[in-house]
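Since the structure comes first, as structure tokens, the remarks are kept for the end.
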Amino acid sequence: KNQAQEKVNELREILNKYAHEYYVLDKPSVPDSEYDQKLQELRKLEEAYPELITADSPTQRVGGEPLEGFTKVQHEIPMLSLSNAFNEQDLRDFARRASQGTDKPLAFVCELKIDGLAISLTYENGKFVRGATRGDGTTGEDITSNLRTIRSIPLSIKEQRKIEVRGEAFMPHKSFLALNEQKEKNGEEPFANPRNAAAGSLRQLDPRIAASRNLDVFLYGVGEWEAEEINSHSGRLEYMKEQGFKTNPEWKRCDSIEEVLEYVEYWTTERPNLRYEIDGIVIKVDDLDIQEELGYTAKSPRWAIAYKFPAEEVVTT
Ligand SMILES: Cc1ccc2cc(C(N)=O)cc(O)c2n1
């Protein structure tokens, strides 16, 4: 039996490494067949020794019975929405206001604004214990069983202190087109856009449906966290990546608003080549102490802004 425990631990470690390479880094080091073969081996061992099964085993992604409903979740730290900018002048005004709010030198972080569903993931003792929707910012819904099915969300991390990370769940273009093709074939109403498709998939009570929708995530922030030794947004992005979370690789630290405008310019033309939907660029003051100095308006941070791309003219064929 101890031999089975050792083999199970060894298989889980290898499978978690393969899954991280494939789903998080997009750089598999082995063919799918190798992963499938090891996963089958682990399933057989867990079948023979059910007492060895743990919630964070790679075999436990798609849970049991469908839920009766979703329970409510209170966000200790509100999940705020961002105020919008629509043009260069709005961005220059944002940068000016921010520089007037501090006497420290300002740096920004630019990120692609993923067009999906905002989510919150909580880990305790290194285990994924709860996932929730943003909801109205203070009250969301517990969708843990659906989020467990997203392979790029790790079921365990190294950090043992309680940590809550936040990000966007989304449906890549390819999955969206395939899903709508399937819906049209079944004579069902197709989803209007990938954001609705992701939200609709995560609102399913049966995790097997969410599991079939090929959803993905990019994490971009930290909510509650027992440790607070990092004092920049860019440092947090690097920390999250190191913990095995999927962060969007296109983020960039900018030392001036000119650099921010160049980043916005670049992605305005580059956007159609992305394999997922973005609806803008998020710009944040990088230094957390300056974020603290700048504070919040009634509904959004003064240290962040969302530049929104002009709505694409709908080509009616
Ligand atoms: C504070 C905040 C709120 C919403 C956000 C939304 C996104 C996004 N949709 O990618 C990225 C961020 O860094 C965000 N940051």
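We count ligands from 1, going down the list as the structure has it; atoms in each ligand are counted the same way.
- Defined by atom type and a distance below 3.5 Å, a donor-acceptor pair is present between the side-chain atoms of Asp216 and Ser152.
- Scanning the protein for heavy atoms near atom 9 (N) of ligand 1, the closest one is Ile114 O, 3.0 Å.
- For ligand 1, the atoms closer than 4.0 angstrom to any heavy atom of Leu112 are 10 (O).
- Side chain of Lys27 to main chain of Tyr22: no donor-acceptor pair is present (N/O by atom type, distance under 3.5 Å, no hydrogens or angles).
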List the steps and the verdict of salt bridge (Lys or Arg N to Asp or Glu O under 4.0 Å) for Lys7 and Glu41. CA-CA 10 Å; Lys7 188 65 185 161; Glu41 202 180 329; 3.7 Å; yes
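- Taking every heavy atom of Glu168 and a limit of under 4.0 angstrom, the matching atoms of ligand 1 come to 8 (C), 9 (N).
- The line from CG of Asn248 to CD of Glu250 is 5.5 Å long, rounded to the nearest 0.5 Å.
- Between Lys284 and ligand 1, at least one N/O pair is under 3.5 Å apart.
- Per-residue contacts place Glu111 under 4.0 angstrom from the following atoms of ligand 1 (heavy atoms of the residue considered): 11 (C), 12 (C), 13 (O).
- Ring geometry for Phe94 versus Phe108: interplanar angle of 30 to 60°, hence tilted.
- Counting the atoms of ligand 1 from 1 in the order shown, those under 4.0 Å from a heavy atom of Leu80 are 3 (C).
- When only non-hydrogen protein atoms are considered, atom 11 (C) of ligand 1 lies nearest to Tyr220 CD2, 3.3 Å.
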Using salt bridge (Lys or Arg N to Asp or Glu O under 4.0 Å), reason through Arg43 and Glu47 one step at a time and then give a plain yes or no. CA-CA 6 Å; Arg43 280 196 207 285; Glu47 240 168 77; over 6 Å; no
